[in-house]
Amino acid sequence: MEQVAFRQMKEGTREEYVFLERLEDQFNQGLVDRLLQALRHLEHGLSGYRVSRLEHSLQSAARAEADGADEDMIIGALLHDLGDELAPYNHSQLAAAIIRPYVRGEVTWVVHHHGLFQTFYYAHHFGGDPNERDRYRDHPWYQSCVDFCERYDQAAFDPDYPTPPLEHFAPMLRRVFSRPPFDPAVIGEEHPLEP
């Protein structure tokens, strides 16, 4: 079989779905390569900063690694802005959706909310509320997101910070994304992403 015969999903046979599942498994083996390519593409993204979006992502991950963060958080830092080009107003949520099947729930929650938490540093310049993040103050991972933004994200625009190349993080990315998706032993307890 080279292609299924059905025109509507409800018409598909078991044989067709087994065939599609096999193709999907083969395609998914290239996920890390596609993520690496997407990260490389950030080199030519939004300008105006002293570092490229790729350098910012690498520096965020390097800061997390230097801080002793575990691989889940380092990968969260590496991929946190991956959605900038396709979802500029909800890039955090797009990045969180990408990592969610492979990292613990805390990291997904932090990446999902980092965009809002980052406004703490600049919202006042536009008449916004820099403390909007406080609506999550009672959330068990509130402080983790505050720390992520303070230590890894907002600080990662320094062209002089010693930042390893993308290849440094590739083995870690492969380890994290080789986990079975949605493994309860990995993702652990999940809290609702929104109140």
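Side chains are part of it too, since the values below use all heavy atoms of this structure and drop only hydrogens, waters and symmetry mates.
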Geometric class of the His139/Trp141 ring pair [parallel <30°, tilted 30-60°, perpendicular >60°]
tilted
Mind checking whether His56 and Tyr49 have ring centres under 6.0 Å apart?
no
Donor-acceptor check, side chain of His112 to backbone of Thr108, threshold 3.5 angstrom: yes or no?
no
Decide yes or no on side chain to side chain contact (heavy atoms under 4.5 Å, CB included) for Asp81 and His91, but give the supporting numbers first.
CA-CA 6 Å; Asp81 280 345; His91 77 282; 3.0 Å; yes
Side chains of Phe157 and Glu55: closer than 4.5 Å at any heavy-atom pair?
no
Show, in sequence, the C-alpha distance, side-chain angles and deciding distance for Gln154 and Phe117, and conclude whether the side chain to side chain contact (heavy atoms under 4.5 Å, CB included) test is met.
CA-CA 10 Å; Gln154 71 83 29; Phe117 277 55; over 6 Å; no
Examine Phe177 and Val111 and state if one hydrophobic cluster contains both, with Ile, Leu, Val, Met, Phe, Trp and Tyr joined whenever side-chain heavy atoms are less than 4.5 Å apart.
yes
Test your reading of the model: is there a side-chain donor-acceptor pair from Asp183 to the backbone of Ala185, 3.5 Å cut-off?
yes
Whether over 12 other heavy atoms sit under 6.0 Å from Glu15 CD
no
Taking all atoms of both residues into account, what is the closest heavy-atom pair of Thr119 and Leu116, and its distance?
OG1-O, 2.6 Å
Between Asp129 and Arg135, is the salt bridge (charged side-chain N to carboxylate O under 4.0 Å, His left out) condition met? List the steps.
CA-CA 11 Å; Asp129 179 6; Arg135 67 179 150 156; over 6 Å; no
Which atom pair, heavy atoms only, marks the closest approach of Ala62 to Phe169?
N-CZ, 3.6 Å
Check the pair Met73, Arg104 against side chain to side chain contact (heavy atoms under 4.5 Å, CB included), reporting the backbone distance first and the verdict last.
CA-CA 9 Å; Met73 192 63 78; Arg104 71 180 184 283; 3.9 Å; yes
Kindly give the heavy-atom pair with the smallest separation between Cys149 and His114, and that separation in Å.
SG-O, 3.7 Å
So, does Ser60 use its side chain to make a donor-acceptor pair with the main chain of Tyr152 at under 3.5 Å?
yes
Mind listing the closest non-hydrogen atom pair of Pro162 and Pro164 along with its distance?
O-CD, 4.0 Å
Hey, could you give me the CD/CG distance between Gln59 and Asp160, rounded to the nearest 0.5 Å?
9.5 Å
Examine Leu54 and Leu173 and state if one hydrophobic cluster contains both, with Ile, Leu, Val, Met, Phe, Trp and Tyr joined whenever side-chain heavy atoms are less than 4.5 Å apart.
yes
Mind listing the closest non-hydrogen atom pair of Leu166 and Leu39 along with its distance?
CD1-CD1, 3.8 Å
Which distance, rounded to the nearest 0.5 Å, do you find between the OG of Ser92 and the CG of Asp153?
8.5 Å
Does NE2 in His124 sit with more than 12 non-hydrogen atoms of other residues, nucleotides or ligands closer than 6.0 Å?
yes
Euclidean distance, Ser52 OG relative to Leu58 CG, rounded to 0.5 Å:
7.5 Å
Gln3, CD: over 12 other non-hydrogen atoms inside 6.0 angstrom
no
Pairwise distance CD(Glu21) to CD(Gln26) - rounded to 0.5 angstrom
11.0 Å
When rounded to the nearest 0.5 angstrom, what distance separates NE2 in His113 from SG in Cys145?
7.5 Å
Please state whether the rings of Phe148 and His80 are parallel, tilted or perpendicular, taking 30° and 60° as the class boundaries.
perpendicular
Hey, quick one: are Met172 and Val186 part of the same hydrophobic cluster, counting side-chain heavy atoms closer than 4.5 Å, chains of contacts allowed?
no
Among Ile74, Leu78, Asp70, whose side-chain contact (heavy atoms from CB on, under 4.5 Å) with Glu65 holds?
Ile74
Considering only heavy atoms from C-beta outward, does the side chain of Thr163 approach that of Val51 to under 4.5 Å?
no
Does the side chain of Arg133 come within less than 4.5 Å of Tyr142's, by heavy atoms?
yes
Answer yes if Ile99 and Val32 sit in the same cluster of Ile, Leu, Val, Met, Phe, Trp and Tyr residues linked by side chain heavy atoms under 4.5 Å apart, and no otherwise.
yes
Tyr121 side chain to Glu150 side chain, donor-acceptor N/O pair below 3.5 angstrom
yes
How close do Gly12 and Glu16 get, heavy atom to heavy atom, and via which atoms?
CA-OE1, 3.3 Å
Verdict with reasoning, Arg174 to Asp33, per salt bridge (charged side-chain N to carboxylate O under 4.0 Å, His left out)
CA-CA 9 Å; Arg174 290 191 191 287; Asp33 293 326; 2.7 Å; yes
Does Arg63 reach the main-chain N or O of Ala155 with its side chain, forming a donor-acceptor pair under 3.5 Å?
yes
Distance, nearest 0.5 Å, that separates CZ of Arg179 from CD1 of Ile187:
11.0 Å
Is there a path from Val176 to Leu36 through hydrophobic residues (I, L, V, M, F, W, Y) whose side chains come within less than 4.5 Å of each other?
yes
